[in-house]
Number of protein chains: 2
Amino acid sequence: MSLTHIQSFVAVAEEGHVGRAARRLHLTQPPLSRHILALEDELGTRLFERTPRGMRLLPAGEAFLRHARRILAEVDAAVHTVRGVTAGRQGA
Amino acid sequence: MSLTHIQSFVAVAEEGHVGRAARRLHLTQPPLSRHILALEDELGTRLFERTPRGMRLLPAGEAFLRHARRILAEVDAAVHTVRGVTAGRQGA
DNA sequence: GCGTCCAATGCTGTCTCGGCATCGAGCCCA
DNA sequence: TGGGCTCGATGCCGAGACAGCATTGGACGC
């Protein structure tokens, strides 16, 4: 599990297409597809339903999405907090 | 920035020694040291003060530590939630 | 001053990972 | 019903990342 995988997951969840998410992340479709497969493998569950039109979130995927967004937001907050402290303010 | 780096940071912060943290993470000292340096480089600030006895957290490091723990906890929660959903319950 | 303990760094082999090309499945339309 | 289109999945390969070994450099204690 890596932050990259989590970012990929969120992008695919929001776009509903691997290819489109890939473009958004400045990546190509194959690695994106593998990120999702790796995540599903690690979690032991399918997160998406593969349809002929793209990817649709399964319940497990929806649950994971909520956490994924929180993780990415927390990472973002961490960076900003440290930058804030460095700039001279205590922003914890 | 990766979850591995964050885990390394937390371990070093808690142990106060790179070498000891390395043992705890089943790693050797050099990569651990590089994780911290990479993190500091990415954040643009020193997170630790290097003393002859080991590593002591600087204010920026303490601030980052709080976020780091939350990130790791959230990742853990995500895994457990998905496993819970998969097991048949909605545990979001 | 010498030995010890710490983190940092040079180097190398391996393994990961992204991209290209291609495949396989499912749908639409003629 | 068959050809083309649109998906995601997979085989393969080359570049880059990364861990470990060996060593360095600095600070303290005796």
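Note that these values count all heavy atoms, side chains included, but never hydrogens, waters or copies made by symmetry.
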Trainee: Just how far, in rounded Å, is C1' of C/dG18 from NE2 of A/His5?
Mentor: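 Distance check: A/His5 NE2 to C/dG18 C1' gives 11 Å.
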Trainee: What is the distance, to the nearest angstrom, from the NE2 atom on B/His17 to the C1' atom on C/dA8?
Mentor: 17 Å
Trainee: What I'd like to find out is whether the side chain of A/Gln7 reaches to under 4.5 Å of the side chain of A/Ile71, using heavy atoms alone.
Mentor: no
Trainee: Any chance CZ of A/Arg56 has more than 12 other-residue heavy atoms, nucleotides or ligands included, within less than 6.0 Å?
Mentor: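 Incorrect, the count does not exceed 12.
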Trainee: Do A/Leu39 and A/Phe64 have side chains that approach each other closer than 4.5 Å (heavy atoms only, starting at C-beta)?
Mentor: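 The answer is yes, as the side chains (C-beta and beyond) meet within the 4.5 Å cut-off.
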Trainee: Does the pair B/His35 and B/Leu27 meet the rule for a side-chain contact (heavy atoms from CB on, under 4.5 Å), with working shown?
Mentor: CA-CA 11 Å; B/His35 289 181; B/Leu27 238 63; 4.0 Å; yes
Trainee: Could you state the CG-P distance from B/Leu3 to D/dC18, rounded to the nearest angstrom?
Mentor: 13 Å
Trainee: Send over the distance from B/Asp41 CG to D/dC18 C1', rounded to a whole Å.
Mentor: 16 Å
Trainee: List the protein contact pattern of nucleotides 19-25 of chain D with one symbol per nucleotide (5' to 3'): B for base contact, S for sugar-phosphate-only contact, - for none; contact means a heavy-atom distance under 4.0 Å.
Mentor: SBBB---
Trainee: Once you round it to whole Å, what is the distance between C1' of D/dA27 and CZ of B/Arg56?
Mentor: 14 Å
Trainee: Could you give the CG-to-C1' distance, from A/Leu37 to D/dG11, as a whole number of Å?
Mentor: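 Rounded to whole Å, this separation is 14 Å.
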Trainee: Atom pairs under 3.5 Å, N or O on each side, protein against nucleotides 24-30 of chain C: can you list them with distances?
Mentor:
none

Trainee: For B/Glu42 and D/dA17, give me the distance from atom CD to atom P, rounded to whole Å.
Mentor: 13 Å
Trainee: Rounded to whole angstroms, how far apart are CE on A/Met55 and C1' on D/dA9?
Mentor: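 The answer, rounded to whole Å, is 10 Å.
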Trainee: Identify whether any heavy atom of B/Ile36 sits under 4.0 Å from a base atom; if not, whether one sits that close to sugar-phosphate; answer base, sugar-phosphate or nothing.
Mentor: nothing
Trainee: Is the closest side-chain heavy-atom distance between B/Phe48 and B/Leu58 below 4.5 Å?
Mentor: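 Contact flag for B/Phe48/B/Leu58 side chains = no.
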Trainee: With a 4.0 Å cut-off on N to O distance, would you call A/Arg20 and A/Glu14 a salt bridge?
Mentor: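 No, A/Arg20 and A/Glu14 are not salt-bridged.
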Trainee: Checking B/Arg23 against B/Glu15 for the salt bridge (charged side-chain N to carboxylate O under 4.0 Å, His left out) test, could you report, in this order, the C-alpha distance in whole Å, the side-chain angles of both residues, the deciding distance, and whether it holds?
Mentor: CA-CA 10 Å; B/Arg23 242 171 290 130; B/Glu15 299 288 344; over 6 Å; no
Trainee: Salt bridge check, B/Glu40 against B/Arg34: does any charged N sit closer than 4.0 Å to a carboxylate O?
Mentor: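 No.
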Trainee: Please say yes or no: joined through hydrophobic side-chain contacts below 4.5 Å, possibly via intermediate residues, are A/Met55 and B/Val85 part of one cluster?
Mentor: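 Different clusters.
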